[in-house]
Amino acid sequence: MTMRFDDAWAYVRTRLPELSASGSDVVALRDLAGRITVVIDDRARPTTPEQLDGWRARLREALGEYASPMTVAVAGALIDPDDIFRSRDLVLLDERTGEAGFTAVLERGIVGADWLRVKADPASRRVTLYGFKGGVGRTSATFLLAERLAETGRCVLVVDLDLESPGIGPLLQTETEAANYGLVDFLIEAALGDHATELDVVARSNKIQVKGNGEVWVAPARGRPRAGYSYLPKLNRIYADLTTAAGGRATFADRLDAAISFCEAQVGSLSRRPDVVLLDSRAGIHDVAAAAISRLSDLTFLFATDNEQTWTGYGDLFQQWADADRATVIRERLRTVAALTPPGSASTYLSRFRDRAQDCFATSLYDDATTWDAEAFNPAPDDVTAPHYAVPILFVGEMVGLDPSARANWQESELIRAAFREFLDWAAELAVGDTND
């Protein structure tokens, strides 16, 4: 029988306790091609050549093409064992118990690592707006939510994280009044030194004007278009992890966090510190979305439509968090938005939508609870405070093909206001508390 990718990983995970029984910590490492190496920490309890040869032979026979050339390695033969045994991406399967060491797994991937690096205490008052698929009104919702928050006197910073398809920046700011530089410029310049702090990367929105003390600022993905300014060559270089001057590693998420923090500080120097930061994230399973949801914000609105592709996509994402033991950290920071809800059958649509959303969450992110387990986290389908309980944005034909740059004050349309009203009331309260003060 030919061993396949998923089967190989499942097999190795079941064999790890056998290898840790002697007291050594054991990590299964999967490389970029899917090949697997089992690494044993033999520094306290050395292994014999005969033991290593026996384990290698058994695993090679079982794993076939998914066995790495080394198959089994020992910490004593590695240049830096802590790169594995103390990796920030290590997922613990079993802790040390009695005579047995711990068992864990470690993925080495090119993209998506930040989905598993869920930060337990991300910056507060940062809100990510994300959709697994595009075309669900996420950017329009970001604009309208920024306006709503500003109407209550808040200072709002909107960050355009859709770096490969910038949208919210131009929506909030005319081209001639945009900042000279954008987030991508900061990421490029900051990789080479402190001179990145000389860039102007924020500008006050001139497309949202509210009465009172409210303000909306925008940090665009790209700088103001002009002769000699290039974007794509910079975009192609920003996603890599970098080595710091102190010899450590700055991941893409770390660098993005620093860029957003700089934008917050720059708004503070020009006016006042933002009360809330809205991150308009790129759709799909992308490094930007991974960083924004897992590490950069303490609240994420998940935009979804009721179709199989969307639920399969979110199901894969949720299962990844569950497999990495991150479910309890991330789940209560998520809220679901039922985008493009048909207004003529909203009640029926939302009832089905919430049932399917609850199923999706319960499969991997909620606890497998019994009715008498009071400590379990497993909200009912009709629990309005639950992550799965979706609030609607109604479908409006007026939004199809809308070009805001060619239609001033598009957001004042009564139909558009009605479509987003329930979402805005709910989202504003979640973002900063009671917005009626």
Side-chain angles (χ1 to χ4, degrees), residues 1-22 24-43 45-95 100-118 239-243 249 251-253 284-287 290 294 315-326 364:
M1 177 180 173
T2 301
M3 183 66 76
R4 301 298 182 190
F5 184 90
D6 293 327
D7 298 329
W9 197 231
Y11 173 82
V12 166
R13 289 167 67 115
T14 65
R15 307 306 299 177
L16 294 182
E18 174 187 334
L19 301 182
S20 68
S22 62
S24 297
D25 297 329
V26 182
V27 175
L29 173 69
R30 182 157 59 173
D31 69 14
L32 299 181
R35 292 184 295 263
I36 299 169
T37 303
V38 174
V39 187
I40 301 171
D41 192 349
D42 67 336
R43 289 171 289 185
R45 296 173 182 259
T47 55
T48 67
E50 292 75 19
Q51 286 177 311
L52 290 177
D53 288 343
W55 291 332
R56 285 171 179 151
R58 290 197 297 274
L59 287 175
R60 283 173 182 162
E61 181 180 2
L63 297 177
E65 297 294 331
Y66 284 100
S68 73
M70 178 65 71
T71 312
V72 178
V74 292
L78 303 177
I79 295 175
D80 183 11
D82 286 344
D83 181 53
I84 292 176
F85 289 97
R86 294 188 179 180
S87 170
R88 66 189 297 179
D89 299 325
L90 201 68
V91 177
L92 193 67
L93 301 180
D94 291 301
E95 297 181 354
F102 74 64
T103 62
V105 294
L106 181 60
E107 294 270 18
R108 297 295 202 200
I110 296 176
V111 297
D114 280 311
W115 286 114
L116 304 182
R117 297 170 182 164
V118 179
Y239 294 109
D241 295 350
L242 299 177
T243 301
R249 187 176 65 151
T251 67
F252 171 66
I285 304 297
H286 193 277
D287 279 9
S294 298
D316 288 342
L317 175 55
F318 294 172
Q319 190 61 53
Q320 185 173 224
W321 279 325
D323 290 343
D325 197 26
R326 302 297 195 267
S364 48

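Any value given below was found using the heavy atoms of this structure, including those in side chains, with hydrogens, waters and symmetry copies removed.
- With sequence neighbours excluded, the residues that form a side-chain contact (heavy atoms from CB on, under 4.5 Å) with Thr103 are Leu16, Ser20, Leu93, Asp94.
- With sequence neighbours excluded, no residue forms a salt bridge (charged side-chain N to carboxylate O under 4.0 Å, His left out) with Asp316.
- Not counting sequence neighbours, Ser364 has no partner by the side chain to side chain donor-acceptor pair (under 3.5 Å) test.
- With sequence neighbours left out, the salt bridge (charged side-chain N to carboxylate O under 4.0 Å, His left out) criterion links Arg15 to Glu18.
- The two atoms that bring Ile36 and Trp9 nearest to each other are CD1-CE3, 3.6 Å, heavy atoms only.
- Environment of CZ in Arg88: crowded, with over 12 heavy atoms of neighbouring residues, nucleotides or ligands closer than 6.0 Å.
- For Arg35, the side chain to side chain donor-acceptor pair (under 3.5 Å) partners at least two apart in sequence or on another chain are Asp31.
- Between Val105 and Arg30 the shortest side-chain heavy-atom distance does not fall below 4.5 Å.
- With contacts defined as side-chain heavy-atom distances shorter than 4.5 Å, the pair Arg56/Met70 qualifies.
- Leu29 pairs by the side-chain contact (heavy atoms from CB on, under 4.5 Å) definition with Ile84, Leu106, Arg108, not counting sequence neighbours.
- The side chain to side chain donor-acceptor pair (under 3.5 Å) search around Asp325 returns none, not counting sequence neighbours.
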Return a table of donor-acceptor pairs under 3.5 angstrom between the side chains of residues 57-66 and protein atoms on other chains or two or more places apart.
residue	atom	partner	partner atom	Å
Arg60	NE	Thr71	OG1	3.0
Arg60	NH2	Pro69	O	2.8

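- Atoms CG and CD, on Leu32 and Glu107 in that order, are 10.0 Å from each other to the nearest 0.5 Å.
- For Asp42, there are no salt bridge (charged side-chain N to carboxylate O under 4.0 Å, His left out) partners two or more places apart in sequence or in a different chain.
- Using a 4.5 Å cut-off on side-chain heavy atoms (C-beta onward), Phe85 and Leu90 make no contact.
- When each of Val26, Val74, Leu78 is checked for a side chain to side chain contact (heavy atoms under 4.5 Å, CB included) with Val39, only Leu78 meets the rule.
- Take Tyr239 and apply the ring pair (Phe, Tyr, Trp, His ring centres under 6.0 Å) test, not counting sequence neighbours, and it matches Phe252, His286.
- Atom-to-atom distance recorded for Ser294:OG and Leu116:CG is 7.5 Å, nearest 0.5 angstrom.
- From Ile40, atom CD1 reaches atom CH2 of Trp55 across 4.0 Å, with rounding to the nearest 0.5 Å.
- Considering every non-hydrogen atom in both Ala8 and Met3, the closest pair reads N-SD, 3.4 Å.
- For Asp241, the side chain to side chain donor-acceptor pair (under 3.5 Å) partners are Arg249, not counting sequence neighbours.
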Requested in this report: May I have the step-by-step check of side-chain contact (heavy atoms from CB on, under 4.5 Å) for Asp114 and Asp287, ending in yes or no?
Outcome: CA-CA 7 Å; Asp114 280 311; Asp287 279 9; 5.7 Å; no

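- Using a distance-only test at 3.5 Å, with no hydrogens or angles considered, a donor-acceptor pair links the side chain of Asp25 to the main chain of Phe102.
- Applying the side-chain contact (heavy atoms from CB on, under 4.5 Å) test to Asp80 and every residue at least two apart in sequence or in another chain returns Asp82, Asp83.
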